[in-house]
Amino acid sequence: MQDQIQALPAEAVDDFERLSRALEVNPWDSDPYVAGKPAGPLRTRAFGEGGLVTFLVLEDQRRDDLLLVQWA
């Protein structure tokens with residue numbers, strides 16, 4: 001995961017950091033990864049001008065695990 005974050009272009013870093021802070025506060029304010037499971041813990045959220053993160057909300061552990069960071 002760290003290699004995906006380090007591979008982000010310089011113009012995406014601030015947007016990614018803002019997204020990371022937002023996920024700490026409210027991870028559920030994102031789209032479900034599977035449209036047919038709107039309350040599912042697997043979520044996705046866009047950032048910047050071409051970024052997308054996919055993450056898992058672990059409510060019982062009060063934690064979010066980033067699974068994929070993409071930049072197009």
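These values consider heavy atoms only, across backbone and side chains, with no hydrogens, waters or symmetry-generated copies.
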List the atom pairs, donor and acceptor, that lie under 3.5 Å between side-chain atoms in residues 65-72 and the rest of the protein, sequence neighbours left out.
unit_1, atom_1, unit_2, atom_2, d
Asp65, OD1, Arg63, NE, 2.9
Asp65, OD1, Arg63, NH2, 3.3
Asp65, OD2, Arg63, NH2, 2.7

Side-chain donor-acceptor pairs under 3.5 Å in residues 43-59, sequence neighbours left out?
unit_1, atom_1, unit_2, atom_2, d
Arg43, NE, Ser30, OG, 3.4
Arg43, NH1, Pro38, O, 2.9
Arg43, NH1, Gly40, O, 3.2
Arg43, NH2, Ser30, O, 2.7
Thr44, OG1, Val53, O, 3.0
Arg45, NH1, Asp29, O, 3.2
Glu59, OE1, Trp28, NE1, 2.7

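When the side chain to side chain contact (heavy atoms under 4.5 Å, CB included) test is applied to Glu24, no partner is found at least two apart in sequence or on another chain. Under the side-chain hydrogen bond (donor to acceptor under 3.5 Å, both in side chains) criterion, Asp15 pairs with Arg18, not counting sequence neighbours.
The environment of Tyr33 atom OH is sparse: at most 12 non-hydrogen atoms of other residues, nucleotides or ligands sit within 6.0 angstrom.
With contacts defined as side-chain heavy-atom distances shorter than 4.5 Å, the pair Val13/Glu17 qualifies.
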